[in-house]
Each structure stands twice: as C-alpha cells, then as structure tokens.
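Let me begin by presenting the structure, written as structure tokens, before commenting on it.
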Amino acid sequence: MEERFKRKVSELSSVVSFIDDFIGRKKLDEATALALHLAIEEIFINMVRHGRGGADSISIELNMSANGVEMVLTDFDVDEFDPTSPEIDLEGVPLNQRRAGGMGLFMVRQLVDDMRYEYKDRISRVMLTKSLGDSRV
Amino acid sequence: MFEARVVEKGRISFLGRLDAAQVEKAQAALEDIGEELVIDFAELEYISSAGLGVLIALHRRLSESETSLKLINMKDHIRYIFHLARLDTFFEIE
C-alpha cells in the first residue's frame with residue numbers, strides 16, 4: 001500500500017494512522033510494529049527537514065515480501081541527502097554532542113535489516129527491510 | 001497524542017506518544033522546571049529521537065545546576081529505545 005503525505009511535521013499523525021492500518025491488516029507483532037513506527041518517523045522527518053523547497057508531498061510505501069516488510073520513502077524534486085552515509089556510532093558519545101537527526105538514523109540502522117539509498121532525477125528514495133520474527137524489545 | 005501531567009511538585013507523568021509532532025508540547029511542559037524532577041513513564045507508549053532530544057536538553061539543563069532527573073516505570077519497549085540511542089547509561093532510570 002502506498003500513500004502520499006504533506007511535507008509537514010504535523011502530518012505525522014496521518015503517517016501513524018497509515019502505519020497502524022498496515023500493521024493491523026498484516027497482523028504484525030509488537031516488535032515489528034515498533035520498528036516500523038520508529039524507522040518511518042525518523043526517515044520521514046529527515047526528509048521533511050532536509051528536503052525543504054522540494055515537492056509538496058512525500059510518498060510512503062509498505063509491502064510484505066519474502067524478506068519481511070519493505071518500506072520505501074520517496075522524496076521528489078529535492079537535493080541529494082543520503083541518510084546511509086556517513087555511518088554514525090553513538091556508543092559513548094556524550095549528551096552535549098547528540099543531535100536528534102543523527103540519533104534517529106543511528107536507531108534506524110539497528111532496527112532494520114537492510115537500508116539502501118537511491119538518488120536519480122532529483123528523486124530521493126530510502127528503502128528499508130525489516131525481517132519478521134525479531135523479538136527484541 | 002502526548003500529554004505531560006503534573007502529578008505533584010517535582011513529579012510529572014508522560015502519557016501517549018512523544019514523537020516529532022509533540023515536541024513543542026513536551027518542551028512547554030518542562031521549560032520552567034528547575035528543581036529535582038521525577039518523570040513517570042508508565043503511560044508513555046512511544047518515543048522517537050525527537051522526544052529523546054527534549055529529555056537530553058532537560059538533562060543538560062538540570063545537570064548544570066547539579067539537579068537530579070529520574071525516569072521511572074518505563075515499559076520494556078521504551079527502555080529498549082533508550083538503549084538503541086545509547087542513552088540508558090546517561091539517564092537515571094528506575
């Protein structure tokens with residue numbers, strides 16, 4: 001399923017409803033649900049903040065595959081911003097050096113099994129895979 | 001939705017979902033806090049990096065005056081999020 005959301009932080013409540021709808025339809029467990037909520041919020045907010053001046057909407061696509069849940073977030077008419085690079089490690093990093101954005105991406109990397117980035121024709125796309133059966137939480 | 005409810009002096013309960021859209025509400029609830037504070041997480045269902053950022057800012061501010069901040073009654077999945085962010089060693093969590 002795919003839906004477009006306005007490039008606004010306040011749009012998050014609609015994003016949450018969209019994720020919950022998918023979780024309910026696919027009967028996903030709590031650990032997977034948490035991973036989806038966190039990963040999608042962090043990437044969506046990242047796109048809202050870094051893609052200012054881009055198209056009015058951001059697309060979120062959720063699908064099941066043999067590998068688990070596939071999440072694709074697409075931002076249109078924006079400059080390149082690769083959230084997979086550089087890799088961040090917050091182990092032991094003091095609080096006065098923390099930024100919410102960097103911390104969010106650091107969490108996403110731990111929550112998903114695969115995270116890829118693609119940029120072509122001013123379209124920025126982040127693809128995430130979350131396998132099922134991870135009972136951490 | 002998110003709510004920060006003052007239970008008594010020095011004690012606040014967080015309820016609901018503290019995500020990027022709720023940050024301003026959380027900041028407003030905490031901006032005048034200058035004394036020792038206990039935050040009850042029993043009814044907090046979700047927190048993202050934006051919400052953690054609010055707590056980091058509060059921790060920094062209270063630390064400057066050597067004022068204690070304690071987070072209590074955290075659900076397992078919320079504690080897991082603190083661990084993911086490598087914040088569980090910086091905060092006093094009970």
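What you see below is based on every heavy atom in this structure, not just the backbone, and it leaves out hydrogens, waters and symmetry mates. Letters go in sequence order (proteins before strands), and every chain restarts at 1.
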Taking [X] for the side chain and [Y] for the main chain, is one N or O donor matched with an acceptor at less than 3.5 Å?
X: A:Glu41; Y: B:Ala20; result: yes
X: B:Arg60; Y: A:Leu95; result: yes
X: A:Glu42; Y: B:Ser48; result: no
X: B:Tyr46; Y: A:Leu34; result: no

So, do [X] and [Y] sit near enough that their side-chain heavy atoms are less than 4.5 Å apart?
X: A:Val93; Y: B:Phe90; answer: no
X: B:Arg86; Y: A:Gln110; answer: yes
X: B:Gln22; Y: A:Leu12; answer: no

Part of B:Arg17 within contact of chain A (heavy atom distance under 4.5 Å)
side chain

Part of B:Ile47 within contact of chain A (heavy atom distance under 4.5 Å):
backbone

With A:Ile123, which residues qualify under side chain to side chain contact (heavy atoms under 4.5 Å, CB included), at least two apart?
A:Thr74, A:Phe76, A:Arg125

Take a 6.0 Å sphere around [atom1] of [X] and say whether it holds more than 12 heavy atoms from other residues, nucleotides or ligands.
X: A:Glu2; atom1: CD; answer: yes
X: A:Asp21; atom1: CG; answer: yes
X: A:Arg122; atom1: CZ; answer: yes

First locate atom CG of A:Leu38, then atom CG of B:Leu84, and finally report the distance between them rounded to the nearest 0.5 Å.
7.5 Å

Roughly how far apart are B:Asp76 CG and A:Glu30 CD, rounded to 0.5 Å?
10.5 Å

Taking A:Met71 as the starting point, is it possible to reach A:Phe18 by hopping between hydrophobic residues whose side chains are less than 4.5 Å apart?
yes

Can you name the closest pair of heavy atoms from B:Leu87 and A:Met103 and give their distance?
CD1-SD, 4.1 Å

